[in-house]
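The figures here come from the full heavy-atom set of this structure, side chains too, leaving out hydrogens, waters and symmetry mates.
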Amino acid sequence: MTYSLTRKSAALALFLFSAAASTASAAPATITGPTALALAAVVTQHSSLPAYDKQVMARLFAGNHAFLYVARKKLSVTADTIVCRTSNVDIAARSCELTFPISKKTLKGREANELYATAATAGVSAEGAAGSNIESFSKLNCTVDPKEIRQKAGGGAECSFETAK
């Protein structure tokens with residue numbers, strides 16, 4: 001009798017664990033327009049993209065369209081994961097860890113705050129426990145088309161990513 005009860009308890013525990021694991025899956029998201037441009041620009045500055053691409057993205061984000069006759073190609077930035085943390089207790093603590101396909105970068109202070117706030121604007125919600133707030137998302141893929149942005153019609157930037165449900 002005890003063996004049967006233990007076996008049923010183990011089966012129930014396995015079922016509940018499986019159900020919990022399946023609810024923790026990723027939720028895909030896509031953003032466009034000014035929010036996508038902001039997220040792409042903030043992440044690009046810390047990526048391993050060439051300096052010229054970083055400069056083009058910074059100029060686009062600053063609203064400088066005068067140089068765009070030389071920016072003929074679409075720009076793309078990807079990140080495997082981005083995890084940002086702030087604290088309700090140590091109010092000066094803020095950090096982000098960006099994992100790119102070929103490198104990692106850790107941000108602190110103002111730079112981390114900028115990425116944290118931009119991600120929140122893009123719809124990444126914070127989760128927290130014991131005085132901490134954590135925003136995390138993965139599989140970031142942003143494409144920015146300088147020619148389309150120059151048309152000033154609201155298009156030219158798109159980002160997709162996954163967040164935890």
Side-chain angles (χ1 to χ4, degrees), residues 14 16-63 68 71-88 93-151 153-165:
L14 180 61
L16 291 174
F17 177 75
S18 298
S22 67
T23 60
S25 63
T30 300
I31 57 171
T32 59
T35 305
L37 178 60
L39 185 59
V42 170
V43 173
T44 294
Q45 296 312 307
H46 306 290
S47 73
S48 58
L49 288 175
Y52 178 76
D53 289 352
K54 290 179 179 183
Q55 184 180 24
V56 169
M57 190 73 81
R59 285 180 164 183
L60 282 170
F61 191 47
L68 287 179
R72 296 186 181 353
K73 68 175 186 167
K74 290 182 181 181
L75 301 171
S76 179
V77 63
T78 61
D80 295 335
T81 59
I82 298 176
V83 179
C84 293
R85 292 177 170 82
T86 63
S87 175
N88 300 3
R94 44 192 36 78
S95 66
C96 292
E97 186 170 290
L98 295 82
T99 305
F100 297 102
I102 59 171
S103 65
K104 262 189 181 180
K105 177 88 180 209
T106 300
L107 308 178
K108 296 207 180 274
R110 184 197 55 79
E111 291 177 323
N113 193 72
E114 180 180 38
L115 180 52
Y116 187 92
T118 305
T121 302
V124 178
S125 57
E127 297 180 9
S132 65
N133 300 305
I134 302 169
E135 285 182 347
S136 67
F137 55 108
S138 61
K139 299 180 183 177
L140 176 69
N141 186 3
C142 296
T143 303
V144 175
D145 184 348
K147 285 195 247 180
E148 192 174 343
I149 289 173
R150 187 174 191 183
Q151 295 172 9
E158 179 175 289
C159 294
S160 62
F161 54 88
E162 292 184 359
T163 61
K165 280 188 177 179

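Under the salt bridge (Lys or Arg N to Asp or Glu O under 4.0 Å) criterion, no residue pair touches residues 35-50, with sequence neighbours excluded. Legend: disulfide bond (SG atoms under 2.5 Å apart) pairs involving residues 101-146, not counting sequence neighbours, sorted by first then second residue: Cys142-Cys159.
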Report, one line per pair, each donor and acceptor closer than 3.5 Å where one atom sits in a side chain of residues 42-50; sequence neighbours left out.
from  : atom 1 : to    : atom 2 : distance (Å)
Thr44 : OG1    : Ala40 : O      : 2.6
Gln45 : NE2    : Lys54 : O      : 3.1
Ser47 : OG     : Thr44 : O      : 2.8
Ser47 : OG     : Leu49 : N      : 3.2

Would you mind writing out the side-chain donor-acceptor pairs for residues 128-135 within the sub-3.5 Å range, not counting sequence neighbours?
from   : atom 1 : to     : atom 2 : distance (Å)
Ser132 : OG     : Ala129 : O      : 2.8
Asn133 : ND2    : Thr86  : OG1    : 3.3
Asn133 : ND2    : Asn88  : OD1    : 2.8

Please output the side-chain donor-acceptor pairs of residues 103-121 that fall under 3.5 Å, not counting sequence neighbours, one pair per line with the distance.
from   : atom 1 : to     : atom 2 : distance (Å)
Asn113 : OD1    : Arg94  : NE     : 3.1
Thr118 : OG1    : Glu114 : O      : 2.7
Thr121 : OG1    : Ala117 : O      : 3.0

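In this structure, the separation between CG on Leu140 and OG on Ser160 is 7.0 Å, given to the nearest 0.5 Å. Annotation: the span from Asn141 atom CG to Asp80 atom CG amounts to 11.0 Å, rounded to 0.5 Å. Put simply, CG on Leu39 and CZ on Phe161 are 6.5 Å apart, with the number rounded to the nearest 0.5 Å.
In this view, Thr99 and Thr81 satisfy the side chain to side chain donor-acceptor pair (under 3.5 Å) rule, not counting sequence neighbours. Scanning for salt bridge (charged side-chain N to carboxylate O under 4.0 Å, His left out) contacts around Glu162 gives Lys139, with sequence neighbours left out.
Between Ile149 and Asp145, the closest side-chain pair of non-hydrogen atoms is not below 4.5 Å.
Nearest heavy-atom pair across Pro101 and Thr78 is CG-OG1, 3.7 Å.
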